[in-house]
Colleague: 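Structure in structure tokens, see below.
All chains are named by letter (A, B, ...) in the order of the sequence lines, taking the proteins before the strands, and each is independently numbered beginning at 1.
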Protein chains: 2
Amino acid sequence: MTRKSEDAGRSTIRDVAARAGVSASTVSRVLGGVYPVSASTRTRVLRAVRDLDYVADARAKAVAGVGTPTLAFVLEDITGPSFAHMAHGVEREARRLGHLCLVCTTEGDVQHEVDFVEMMRAQRAAAVILVGGSADTLEYRERTRRMADSLASAGSRLVLCGRPPLGPGAPVTVIEYDNEGGAYALVAHVLAQGHRRVLFLGGKPDHTTAQGRERGYLAAHRARGVEPDPALVLHGDFTRDSGHRLIRDALKQRLEFTAVVAATDMVAAGALTALHEAGLDVPGDVSLAGYDDIPFARDLHPALTTVHVPYEELGRLAVRTALGRTPENPDEHLLLGTHVVVRNSVGPAKS
Amino acid sequence: MTRKSEDAGRSTIRDVAARAGVSASTVSRVLGGVYPVSASTRTRVLRAVRDLDYVADARAKAVAGVGTPTLAFVLEDITGPSFAHMAHGVEREARRLGHLCLVCTTEGDVQHEVDFVEMMRAQRAAAVILVGGSADTLEYRERTRRMADSLASAGSRLVLCGRPPLGPGAPVTVIEYDNEGGAYALVAHVLAQGHRRVLFLGGKPDHTTAQGRERGYLAAHRARGVEPDPALVLHGDFTRDSGHRLIRDALKQRLEFTAVVAATDMVAAGALTALHEAGLDVPGDVSLAGYDDIPFARDLHPALTTVHVPYEELGRLAVRTALGRTPENPDEHLLLGTHVVVRNSVGPAKS
DNA sequence: AACGCCATGGCAACCGGTTCCCAAGGGGGA
DNA sequence: TCCCCCTTGGGAACCGGTTGCCATGGCGTT
């Protein structure tokens, strides 16, 4: 028994070679499958492989340049339904294209993100996909730009998925969905039902996803000749509790509104519960709309009118464009459309 | 310019060494940090590292035995809320313990699972965590046993998380939650409200998670001296649509029941919508309970009475026991408890 | 001033594979 | 029967790191 074969049972290609009475190169060739090897040799080698339960070390193969490529995926929190769907799209497409898929959640910690990207550069990941909105500050742009350059110089690629783009010249692939357009269409639908005082439950003020949806809210008002009341634009975050709290407080201060547009379905869910708790009927007393079209939206009562975002498609596209990128078309920027899903939570305004 | 340094900008440790005028070993030692190196040499090396934007290849380090350990995580579909929470727990704990986290979704395809596990063996993953219930057939046990042995022989470890255990002797770590106990407590609560005809919306008949919950349903009846009507035990899957369809059909056939217990909250959500569509009040006409306590449960209307399962804790525990395993205590089997969360969807039976 | 120790850094082996290049041997055609 | 080609398989270099071992040289000590 050799030294290696007693080490936790992991056997090397040389162990196999010794057992089959051939050289390591021959074993490699049998396993590779392309190089011509005589039937008897092949049989002996395969038998030794089975006897030792041998599998070639993937890391060693990677060093030699024939490994399975890897792709990394960074998000804030995988338990959010829309994040989960993007993750699903990414994972599916990565698998379809023969890539392994590393995942990292940051829980909002910027330093985690930077560290992880650096680690992925060391791993020689084919691409790193950053998912989810962010504050679009100068610091954000510089930091992200550094990550992009660093990955690019290592032959890898940064993909921004639903994240603020970096301006021209950055070696980045950007896939966004149209937050402003979706919110515009949704709010236009609400206004068309006669509502004039529409409460907007937004996210963090500097978060670009929240900003886009807020812009759509404002633009829809102006397009209809309604000047939006700044007091009706509230800020929280994208959690269920935020929606719940915002509505409870708004009702407590006797803020007047006949409809609520939430920046996400999660927020809408909390808002709905708060409205119910206050004894209000939806949509009889107050209309409510969400954003994201998470699967649960149609099981709320009333079923939630919302904006459908093709999250899974987004994830798939991120992978496809990142990996299928051609040298002559290096920097892609895609904007995916959304559409309003009309259900039962928005009704005519009480006159 | 050397051959390497023009290759996509990736520079090797030898490039750095040449630029700093030292040998590769010195560069390695400077970066390693433990070996004593003179200040001037260190400065020159670090400068060369910065100039070339060098990062040591993680795969090469791994081959040399000093890489970042990796852990793999296999589930059917990450978009399910309970799966997502387990994934979150796994990822957090893996990160805390300094492990990278590979993820694979199988979409129910057994062959994918087998192939992926084999791939993880090649990757020398520290552990592979299989998540989610499964049919507990002989084929399942043999297949899973093979995976466990194969991983164990490679110094790795198979973890079954919410999956049927394999019986004694298998090199496996098992973390389960108490499906039967949770369902028992939940159904006992429903029966205590006076309900006698409780519809059970189960999963696939051979799926162990579904079976456990069904057993709890039956046991709670018997404990109360109520003989459960077999016609009230329905089978579908764990999707929202399944719950919706099952209730619609049950109502169409004029099945009599005063309460519904769904095998998951997703199923309960679909069921709730179907009940509403039929004009039934919950819990006035029919009581409803779920299982899993997903975040949305409290935003359903009425807020869903359900069983809380510590999914995130489960994921964390799976990682911790798999990695922290000691040689003298190799095979752990943990059973996590659950508890009923009483909300508003279960009321007294109409007499 | 000589000696010895320790700080420093290079050489080479090793991790576990792949693949280029070449040698040997067998079989078929002339 | 001889020669040539093609099939087959081995040796060694390489991928990009780490680390054991050893040589060197500067310093302090006696």
Colleague: Backbone N or O of A/P164 within a donor-acceptor pair of the A/Y140 side chain at under 3.5 Å?
Modeller: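 At least one qualifying donor-acceptor pair exists.
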Colleague: I'd like to know if A/R316 and A/E313 make a salt bridge, using a cut-off of under 4.0 Å between side-chain N and carboxylate O.
Modeller: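 A/E313 and A/R316: salt-bridged.
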Colleague: CD1 of A/I13 versus P of C/dC14: gap in Å, rounded?
Modeller: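 Answer to the nearest Å: 18 Å.
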Colleague: What does the inter-axis angle of the helix from C/dA1-D/dT30 to C/dA30-D/dT1 come out as, five pairs per end, nearest 10 degrees?
Modeller: 50°
Colleague: Check whether any side-chain heavy atom of A/V172 sits under 4.5 Å from a side-chain heavy atom of A/P165, and report yes or no.
Modeller: no
Colleague: If you check the A/V63 side chain, which of C/dG17, D/dC15, D/dG17 turns out closest?
Modeller: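 For A/V63, the side-chain atoms sit closest to D/dC15.
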Colleague: Test your reading of the model: is there a side-chain donor-acceptor pair from B/E93 to the backbone of B/V319, 3.5 Å cut-off?
Modeller: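 Between the backbone of B/V319 and the side chain of B/E93 there is no qualifying donor-acceptor contact (under 3.5 Å).
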Colleague: Quick one: label B/R59 by what it contacts on the DNA or RNA (base, sugar-phosphate, nothing), any heavy atom closer than 4.0 Å.
Modeller: nothing
Colleague: Under the side chain to side chain donor-acceptor pair (under 3.5 Å) test, which residues partner B/H88, sequence neighbours left out?
Modeller: B/E312
Colleague: Tabulate atom names and distances for all N/O pairs under 3.5 angstrom spanning the protein and nucleotides 5-11 of chain D.
Modeller:
residue: D/dG9; atom: OP1; partner: A/S38; partner atom: OG; Å: 3.2
residue: D/dG9; atom: OP1; partner: A/T41; partner atom: OG1; Å: 2.2
residue: D/dG9; atom: OP2; partner: A/S38; partner atom: N; Å: 3.3
residue: D/dG9; atom: N7; partner: A/Y35; partner atom: OH; Å: 3.1
residue: D/dG9; atom: O6; partner: A/Y35; partner atom: OH; Å: 2.4
residue: D/dG10; atom: OP2; partner: A/S23; partner atom: N; Å: 2.8
residue: D/dG10; atom: OP2; partner: A/S23; partner atom: OG; Å: 2.7
residue: D/dG10; atom: OP2; partner: A/T26; partner atom: OG1; Å: 2.5
residue: D/dG10; atom: N7; partner: A/R29; partner atom: NH2; Å: 2.7
residue: D/dG10; atom: O6; partner: A/R29; partner atom: NH1; Å: 3.2
residue: D/dG10; atom: O6; partner: A/R29; partner atom: NH2; Å: 2.7

Colleague: I would like to know whether B/R124 and B/S156 meet side chain to side chain contact (heavy atoms under 4.5 Å, CB included); could you show each step before the answer?
Modeller: CA-CA 7 Å; B/R124 305 302 190 241; B/S156 179; over 6 Å; no
Colleague: For B/Q123 and C/dG17, what is the distance between atoms CD and P respectively, to the nearest whole Å?
Modeller: 13 Å
Colleague: To the nearest angstrom, how far is A/L31 atom CG from C/dG16 atom P?
Modeller: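 Going from A/L31 (CG) to C/dG16 (P), I get 16 Å.
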Colleague: Between D/dT18 and B/K61, is there an OP1 or OP2 to side-chain N/O distance shorter than 4.0 Å?
Modeller: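 B/K61 to D/dT18 OP1/OP2: side-chain N or O found under 4.0 Å.
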Colleague: Any Lys/Arg nitrogen of B/R19 or B/D15 sitting under 4.0 Å from an Asp/Glu carboxylate oxygen of the other?
Modeller: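 Not counted as a salt bridge, because no side-chain N and carboxylate O are separated by less than 4.0 Å.
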Colleague: Within this structure, what is the CZ-to-P distance between A/R14 and C/dG16, rounded to whole angstrom?
Modeller: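 Taking atom P of C/dG16 as the reference, CZ of A/R14 is at 8 Å.
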Colleague: Kindly determine whether B/T321 and B/E332 satisfy side-chain hydrogen bond (donor to acceptor under 3.5 Å, both in side chains), including the steps that lead there.
Modeller: CA-CA 8 Å; B/T321 50; B/E332 272 193 272; 5.2 Å; no
